[in-house]
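What follows is a set of notes on a single structure, which appears directly below.
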Amino acid sequence: MQADLYVKNGLVVTEETAFHGGVVITDGKIVELVAGDTAVAAQEVIDVKGKAILPGIVDDHVHFNEPGREHWEGYQAGSMAAAAGGVTTFMEMPLNATPPSIDREKLIHKRTAVKDQSVVDYAHWGGLVDNNLDELEGLHEEGVIAFKGFMSESGVDFKRINDDVLYGGLVKSRELGNVVGVHAESEYVTRFLAAQIQATGRIDRSAWSESRPPAAELEADKRAIYWAGVTGGNLHIVHTTIAAGIHAAAQAKQEGVNVTVETCPHYLFFDNDDFVRIGPAAKCAPPLRAREEVENLWECVLAGMVDTIASDHSPCPTADKVKGNDDIWQAWGGITGVQAMLPALLTEGVHKRGLSLSLLVRLMSANPARIFGLYPQKGSLLPGSDADITIVDLDKTWTLAAEDLFSRHKHSAYVGYTFQGQVVRTIVRGTTVYEDGQIKVKPGFGNLLQRIR
Ligand SMILES: [Zn+2]
């Protein structure tokens, strides 16, 4: 029988292994992986000439700001940036859009607004805020892949949670078979330190970092993990920046607590000296950390102690960054990163620190699909999985220019950096959506996904 597509002559990478071969695709699904240069009858053959063939990247944490703030990014621009970054599925957060997705009605409103806009597949987070525990079941029924809660103020119209709602949300996550993802920083200590530092008149970049120290993150990590243990709920800690938090999670996992941890490319690529130099484009929360902490985080990644790496892509109009040039408190906190994430990990991880491609695939594709209930439809090259493939030239050296960005606003902390490793082609369900700097499909090609289990 003739296949639809044969992607051949590459380095096929799975979670377990990497080998020279190809991928056979029919009806948008993987049929089989073949070793070597085996001949396969197919309508279309793509010879990737030794480049790496990865399962498509599954980014479990992006903000595309739609509806209500689509002038910040929006699904068209955001999904194109994702495709150019090798991301075949993104999971979009409930906040930084208005209204935030905190009940069924608002989620449906969002889905209507973003329909027919994305060029890759996507799923939605629901929101966990101070007063919506009764809404979680409805959000779950709509297929949200997790519930996002902030333990510190989010800075937007999305109320933070205290321990009562964290506790209640975790109980619901156990009952529903879903996940609570938390932004873990101590509200009280970060607020106290910010007030104390601001009272001295400081507006420099380090003032931001000093107001949100590692200890304030670790306290929230440990508190969330504690309540996950008590409730038997499913906890995911987003954008972990510190090894101590990951060690606390590892210890809890051994004791049977359902906790997973995510980190982001910017916490692995940049340190706080970079933040001082780059300025507002590199402002985020938690902030970029000291070099020693960055290297400790890398040790955790290389040891397999981190579960997922996600971009936390959180763009804004350039003016909202520029206004913080001289007063860091005024800048929007969030990094435009979905397009640079994979190249950053190839450069700093695979090439510089010996991160294996199989572990990279586990962190950026298989694990996020598993944790958020999309596996093995997504995150896998198993027969029957969606034929989502990211083709990477591992050795290509290139420098990211602002005009390369598909994001609506052409600023990013990664602009001007030279990467080793480039996404050359992104395939979603057997169709090329991105190739050599061009988007190849119309907005709306991307499908909405629901949590499978
Ligand atoms: Zn985020």
Side-chain angles (χ1 to χ4, degrees), residues 57-66 68-69 72-75 78-79 81-82 85 87 89-98 100-102 110 122-129 144-161 179-185 187 190 208 212 217 220-221 224 235-242 245 260-270 280-289 306-316 320-321 331-341 344 364 368 371-372 407 412-414:
I57 301 301
V58 177
D59 188 349
D60 66 55
H61 188 163
V62 304
H63 303 264
F64 287 165
N65 317 91
E66 189 160 4
R69 224 174 262 150
W72 285 34
E73 182 69 296
Y75 266 55
S79 69
V87 174
T89 296
F90 64 84
M91 304 183 192
E92 211 249 344
M93 285 290 173
L95 72 157
N96 300 354
T98 47
S101 314
I102 55 172
K110 180 192 192 86
Y122 60 98
H124 286 132
W125 286 72
L128 176 62
V129 291
V144 298
I145 49 80
F147 307 109
K148 172 72 177 290
F150 266 71
M151 296 172 74
S152 55
E153 293 294 349
S154 67
V156 293
D157 175 26
F158 190 82
K159 292 278 191 335
R160 75 182 165 86
I161 55 172
V179 176
V180 169
V182 291
H183 176 126
E185 286 186 289
E187 166 59 19
T190 54
W208 172 254
R212 310 185 84 88
E217 184 179 335
D221 287 341
L235 174 70
H236 179 72
I237 303 175
V238 303
H239 52 48
T240 313
T241 73
I242 51 173
T260 50
V261 290
E262 166 195 302
T263 190
C264 306
H266 40 278
Y267 299 118
L268 296 163
F269 195 84
F270 301 110
K283 179 183 174 182
C284 54
L288 300 178
R289 300 299 190 192
V306 171
D307 296 282
T308 76
I309 295 176
S311 69
D312 193 7
H313 179 82
S314 185
C316 66
D320 289 298
K321 286 296 192 184
W332 171 255
I335 290 181
T336 296
V338 71
Q339 197 173 331
M341 169 166 68
M364 299 180 75
I371 292 165
F372 299 103
S407 281
S412 165
Y414 294 97

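Hydrogens, waters and symmetry mates are skipped; everything else that's a heavy atom, side chains included, is used. Whatever order the structure lists ligands and atoms in, that order sets their numbers, starting from 1. Since the structure is predicted, the reported quantities are computational estimates derived from the model, not experimental observations.
Relative orientation of the H236 and W125 rings is tilted, given thresholds of 30° and 60° on the angle between their planes.
Distances from the Zn ion (ligand 1) to each N, O or S atom of D312 single out OD1 as the nearest. Atom NE2 is the N, O or S atom of H61 at the shortest distance from the Zn ion (ligand 1).
Aromatic ring centres of F90 and F64 lie closer together than 6.0 Å.
For the Zn ion (ligand 1), the N/O/S atoms of H239 include none lying under 2.8 Å.
Side-chain atoms of V182 and L235, non-hydrogen and from C-beta on, do get closer than 4.5 Å to each other.
Heavy atoms of other residues, nucleotides or ligands lying less than 6.0 angstrom from NZ of K110 number more than 12.
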